[in-house]
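Read the numbers this way: they start at 1 and go in the same order the structure lists the ligands and their atoms.
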Amino acid sequence: MPFENVLIETHDGVATLTINRPKSLNALNTATVAELCLAVEQVADDRSVKALILTGAGDKAFVAGADIAEMAHMASPAALTFSELGHRLGDLLESLPIPTIAAVNGFALGGGCELAMACDLIYASEKARFGQPEVNLSVIPGFGGTSRLARRVGPHRARELIFTGDLIDAAHAERYGLVLAVLPPEQLLPHCREVAKKIAGKGPLAVSQAKKVLAAGADLPLQAANALERQAFATLFGSRDQKEGMAAFLEKRPPRFEGH
Ligand code: HXC
């Protein structure tokens with residue numbers, strides 16, 4: 001299904017969603033967030049897709065935030081609905097059984113930073129800038145930023161970024177652990193595709209279980225997290241892919257995983 005503000009392409013088991021409103025720096029209005037939800041659901045239904053990349057159109061922005069022109073006239077009920085929609089998008093990305101990669105090609109501000117943080121892995125171009133500048137508008141992050149930024153960079157740094165609204169460059173974001181690597185702009189997408197393709201070649205059931213256990217375990221006491229881990233570990237031994245992966249190792253040949 002074609003979308004107005006989101007481009008979707010799939011190659012070699014890797015889907016790429018591009019937020020495509022470059023004139024407003026890919027700002028997220030309601031229509032775009034709704035389309036992103038549908039696009040993520042479409043990816044979830046396509047069993048040939050093994051990894052998802054999210055990026056922004058143009059060379060300036062990943063996403064410069066939620067659409068301020070649209071939000072300017074919202075009253076509280078509409079703001080709540082908008083925030084719920086953004087939370088739904090984050091939940092959809094986190095519950096996808098495949099890894100998601102944010103390729104941050106420029107500004108990732110407000111809802112843009114929040115969208116990147118709902119992805120499993122974040123890579124940035126040298127031109128990227130991150131921030132939660134909502135206090136400049138006398139609002140706060142509303143697409144999961146208060147919780148996800150604190151989990152990503154720690155509560156102390158999250159407080160500083162959210163209270164000051166300061167932007168940080170890609171190198172700073174890398175020091176904070178928000179970004180895995182900083183690349184020259186032209187190498188960002190090729191690098192993300194390489195990572196995605198590497199993941200796409202692994203046992204998909206294992207990758208999916210790893211994603212699930214990492215996410216669920218993060219908020220649990222160690223004993224409870226370990227209980228989830230051993231259940232998932234044991235479950236994988238009921239799959240054909242586990243037999244195939246171990247047989248292939250012992251027979252010194254590449255494995256052929258089928259996702260069963
Ligand atoms: C709507 C936006 C926008 C946004 C940029 N534009 N960001 N439109 N919403 N978030 C538009 C501008 O109005 C302008 O349109 C065009 O994009 C180019 O932007 P400029 O400002 O001219 O570019 P530049 O001078 O290079 O500055 C880039 C910038 C700045 C630093 C990124 O645009 C900026 O500060 N944007 C807002 C960032 C922000 O506050 N984000 C958080 C939003 S709140 P025209 O028509 O004039 O060319 C949020 C809450 C999330 O995200 C939770 C919601 C529930």
Close-contact set for ligand 1 against Ala27 heavy atoms, below 4.0 Å: 1 (C), 4 (C), 9 (N)
Pair Arg148, Glu94 - check salt bridge (Lys or Arg N to Asp or Glu O under 4.0 Å), show working. CA-CA 12 Å; Arg148 289 200 181 95; Glu94 285 182 346; 2.8 Å; yes
Contacting atoms of ligand 1, where contact means under 4.0 angstrom from a heavy atom of Met71: 44 (S)
Nearest-contact summary for atom 10 (N) of ligand 1 - protein heavy atom, Å: Ala66 O, 3.0 Å
For atom 7 (N) of ligand 1, what's the nearest protein heavy-atom neighbour? Residue, atom name and distance, please. Ala64 CB, 3.6 Å
Counting from 1 in the order shown, the ligand 1 atoms closer than 4.0 Å to a non-hydrogen atom of Glu114 are 51 (C), 53 (C)
Output yes when a protein non-hydrogen atom is found under 4.0 Å of atom 27 (O) of ligand 1, and no otherwise. no
Indicate whether atom 46 (O) of ligand 1 is within a distance of less than 4.0 angstrom of some protein heavy atom. no
Report yes if some N/O of Leu137 lies less than 3.5 Å from some N/O of ligand 1; otherwise report no. no
Within-shell test, Gly86 vs ligand 1, heavy atom, strictly < 4.0 Å: no
Suppose I only count heavy atoms of Lys60 and a 4.0 Å limit; which atoms of ligand 1 are within that range? 23 (O), 24 (P), 26 (O)
Do any N or O atoms from the side chain of Lys127 and from the backbone of Pro185 form a donor-acceptor pair under 3.5 angstrom? no
Return yes when at least one protein heavy atom is under 4.0 Å from atom 13 (O) of ligand 1, and no when none is. no
Using a 4.5 Å cut-off on heavy atoms from C-beta on, say whether the side chain of Leu25 contacts that of Leu109. no
Scan the protein's non-hydrogen atoms and note whether one is under 4.0 Å from atom 22 (O) of ligand 1. no
Closer than 4.0 angstrom, basic N to acidic O: yes or no for Arg253 and Glu244? yes
Run the numbers on Ile199 and Leu121 for side-chain contact (heavy atoms from CB on, under 4.5 Å), then give the verdict. CA-CA 12 Å; Ile199 295 169; Leu121 311 176; 4.2 Å; yes
Of all the non-hydrogen atoms in the protein, which one sits nearest to atom 53 (C) of ligand 1, and at what distance? Gly142 N, 3.4 Å
Among Leu96, Leu52, Leu54, the one residue meeting side chain to side chain contact (heavy atoms under 4.5 Å, CB included) with Cys119: Leu54
Residue Gly111 vicinity, atoms of ligand 1 by number, heavy atom under 4.0 Å: 49 (C), 51 (C), 52 (O)
What atoms in ligand 1 come closer than 4.0 Å to a heavy atom of Gly110? 42 (C), 52 (O)
Run the numbers for me: atoms of ligand 1, each under 4.0 Å from some heavy atom of Glu134, listed by number. 44 (S), 49 (C), 50 (C), 51 (C), 52 (O)
Looking only at distance, does Phe143 have an N or O less than 3.5 Å from an N or O of ligand 1? no
Run the contact test for Leu25 against ligand 1 with a 4.0 Å cut-off on heavy atoms, strictly below, and give the result. yes
Kindly confirm or rule out an N or O of Phe82 lying under 3.5 angstrom from an N or O of ligand 1. no
side-chain contact (heavy atoms from CB on, under 4.5 Å) assessment of Leu93 paired with Leu115: CA-CA 9 Å; Leu93 286 165; Leu115 181 61; 3.8 Å; yes
Is it true that Lys23 lies under 4.0 Å from ligand 1, counting heavy atoms only? yes
What is the minimum heavy-atom distance between Ile19 and Asn26, and which atoms define it? O-OD1, 3.1 Å
Minimal non-hydrogen separation, Val207 against Pro99, with atom names: CG1-CG, 3.3 Å
Would Asp12 and Arg193 count as a salt bridge (Lys or Arg N to Asp or Glu O under 4.0 Å) here? Give the steps. CA-CA 10 Å; Asp12 302 330; Arg193 289 197 180 112; over 6 Å; no
For atom 9 (N) of ligand 1, the protein heavy atom that lies nearest, with its residue and separation: Ile68 N, 2.9 Å
Looking at Ser83 and Ala79, would you say the former's side chain and the latter's main chain have a donor-acceptor pair under 3.5 Å? no
Per-atom filter on ligand 1: closer than 4.0 angstrom to a heavy atom of Leu109 are 32 (C), 38 (C)
In the complex you have, is atom 34 (C) of ligand 1 within reach of the protein, judged by whether a heavy-atom distance drops under 4.0 Å? no
Under a 3.5 Å distance rule, please check whether Asp241 uses its side chain to pair with a backbone N or O of Glu258 as donor and acceptor. yes
Go through it in stages, so that I can follow the logic: the residues are Met246 and Phe237, the test is side-chain contact (heavy atoms from CB on, under 4.5 Å), and I'd like the CA-CA distance, side-chain angles, deciding distance and then a yes or no. CA-CA 10 Å; Met246 294 191 182; Phe237 281 73; 4.0 Å; yes
Going through the distances and angles, do Val43 and Ile98 end up as a side-chain contact (heavy atoms from CB on, under 4.5 Å)? CA-CA 10 Å; Val43 167; Ile98 58 171; 3.8 Å; yes
Does Asn105 use its side chain to pair, donor to acceptor, with the backbone of Gly58 at less than 3.5 Å? yes
Contact (N/O only, under 3.5 Å) between Ile140 and ligand 1: no
Within-cutoff protein neighbour (heavy atom, under 4.0 Å) for atom 30 (C) of ligand 1: no
Of all the non-hydrogen atoms in the protein, which one sits nearest to atom 6 (N) of ligand 1, and at what distance? Ser24 O, 3.7 Å
